[in-house]
Amino acid sequence: MSIIQFSKDMKWGAATAAYQIEGAAFEDGRGLSIWDTFSKTPGKVINGDNGDVACDSYHRYEEDIQLMKELGIEMYRFSVSWPRIFPTGTGEVNKKGLDFYHRFVDALLENGIEPMCTLYHWDLPQALQDKGGWDNRETVEAFADYAELMFKEFNGKIKMWITINEPWCVSFLSNYIGVHAPGNQDLQLATTISHHLLLAHGKAVTRFRELGIEGEIGYAPNTEWNEPFSNRQEDIDACNRGTGWFIEWFFDPVFKGSYPEFMVNWFEEKGVSLKIEAGDLETISQPIDFVGINYYTGSVGRFKQGEDLFDLEKIDIGYEKTDIGWNVYSEGFYKVLTKIKDQYGDIPIYITENGACYDDDVKDGQVKDQRRIDYLKMHLTSLKRSIDAGVNIKGYLTWSLLDNFEWAEGYDKRFGLIHINFNTLERTKKDSYYWYKQTINNGWFEMFY
Ligand SMILES: CCOCCOc1ccc(-c2cn(C[C@@H]3NC[C@@H](O)[C@H]3O)nn2)cc1
């Protein structure tokens with residue numbers, strides 16, 4: 001039996017996002033988002049699920065905060081619904097929207113929980129999408145104006161800010177693969193949007209610095225790992241491209257001030273080019289205080305001409321899978337984190353999302369989710385290995401506090417430490433909630449090998 005122990009300085013938390021938990025989609029002046037539109041488009045979301053009610057956290061946040069307090073987390077990552085603040089994305093502020101987030105943040109602080117606020121977690125105001133969305137550089141300015149309003153409004157209350165969550169999902173998953181809102185399938189469009197998202201991040205950081213806002217700011221790219229099936233250079237190169245789509249593409253511009261040449265060249269061979277204007281990369285690459293890393297899974301891969309955008313074939317070598325079909329691949333977590341350290345230096349890192357999807361049932365008031373506990377143990381063990389290898393980990397926030405709306409997968413895909421009955425909205429603490437609570441309290445856990 002081994003003890004996996006963490007520094008008392010490491011912060012423990014949990015994460016959610018507005019559209020996935022709030023509900024109250026038409027209340028208190030909230031405007032429509034692209035996810036309201038997308039989820040109401042037949043065939044886009046499993047079971048036709050949508051965020052109209054979700055976990056009803058808009059009304060039940062006090063109950064949720066008591067559950068957080070009992071859990072013992074020090075930090076709670078949430079996102080602000082941009083269309084609650086600016087119903088049409090710009091223009092007149094919706095005071096009822098601001099008031100809700102003041103009530104919510106005040107309640108977190110009163111209960112000794114530090115708010116980590118994500119400004120953009122995918123719910124773009126539909127009115128901006130109607131004018132081109134992230135393909136339109138005006139949306140970049142609109143985001144900077146929204147960010148500035150939030151910085152001024154919550155200065156001194158919120159001290160940890162994340163600009164953009166998972167720009168890979170917002171650009172490529174949503175505009176090339178097309179399974180998320182708004183559901184385009186155009187590589188040039190997606191690549192242009194990836195640049196505009198990084199520009200939006202940079203402009204928000206600029207406003208943050210110019211205003212002298214108290215606290216720290218970063219962004220939260222999602223990552224995946226691709227392990228070469230062999231030592232053949234073609235397999236290594238294909239895996240580097242697959243991993244580079246998540247890491248180098250979204251890290252190099254921020255930490256090196258340029259896009260990775262091997263990826264730019266690959267995209268150019270696909271007929272895709274970047275439209276970078278003077279000053280863009282200077283804006284994007286200004287220093288940030290931390291980076292949020294989201295990690296869920298990885299794969300073994302090898303070269304196969306024409307297999308996918310990167311000639312990368314992912315091979316199923318029998319890894320256990322979660323109920324969303326992703327490999328349980330904690331080794332990839334270590335590989336991602338040490339690669340980031342080696343390539344970008346000693347940047348402070350918060351794990352802003354890591355967790356497992358399992359279809360949990362409540363039986364006699366209990367949810368026995370041992371597989372989720374095992375997933376967390378494996379990935380926290382990899383995290384400890386990364387820390388011992390010199391990676392500057394400042395905190396770990398599991399995805400998610402609550403079962404919630406898992407985008408195109410709807411409500412069947414459950415990531416929470418707390419089970420939600422989406423008919424009654426009853427909250428039930430899972431076994432993983434109690435395990436996480438004990439781990440936070442102890443600062444260590446027992447590993448099963
Ligand atoms: C036909 C091909 O289909 C490919 C699907 O490809 C993906 C990739 C990645 C994801 C994905 C989902 N999540 C979890 C969320 N992170 C933010 C938070 O809101 C969580 O709900 N992270 N990545 C989904 C789908």
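Atoms within a ligand are numbered from 1 in the order they appear, just like the ligands themselves. In this chain, residues are counted from 1 in sequence order.
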Counting both backbone and side chain atoms, is some N or O of Gln20 under 3.5 Å from an N or O of ligand 1?
-> yes

Between Thr352 and the options Asn222, Asn294, Thr118, the side chain to side chain donor-acceptor pair (under 3.5 Å) test singles out Asn294

Check Asp49 against Ser39 and note the closest heavy-atom contact, atom names and distance.
-> O-CB, 3.6 Å

Of the backbone atoms (N, CA, C, O) and the side-chain heavy atoms from C-beta on, which set of Trp168 has a member under 4.0 Å from an atom of ligand 1: side chain, backbone, both, or neither?
-> side chain

Please work out which of the three classes, parallel, tilted or perpendicular, describes the rings of Trp407 and Trp35, given edges at 30° and 60°.
-> tilted

For atom 5 (C) of ligand 1, which of Leu173, Asn165, Ile177 has the closest heavy atom?
-> Leu173

Backbone or side-chain N or O of His180 under 3.5 Å from ligand 1 N or O | no

Nearest heavy-atom pair of Gly355 and Thr398: which atoms, and what distance?
-> CA-OG1, 4.2 Å

Non-hydrogen atom of Glu409 closer than 4.0 Å to ligand 1 = no

Compute the shortest N/O to N/O distance between Trp122 and ligand 1 and return yes if it is under 3.5 Å, no if not.
-> no

Tightest non-hydrogen contact, residues Ser432 and Gly416, listed as OG-O, 4.3 Å

Under 4.0 Å from any heavy atom of Glu353, which atoms of ligand 1 are there?
-> 15 (C), 16 (N), 17 (C), 18 (C), 20 (C)

Short side-chain donor-acceptor distance under 3.5 Å, Asp252 and Tyr344 = yes

Is there side-chain contact between Tyr259 and Phe250, with at least one heavy-atom pair below 4.5 Å?
-> no

Which option out of Phe415, Phe405, Trp326 puts a heavy atom nearest to atom 13 (N) of ligand 1?
-> Trp326

Purely on distance, is any nitrogen or oxygen of Glu406 under 3.5 Å from one on ligand 1?
-> yes

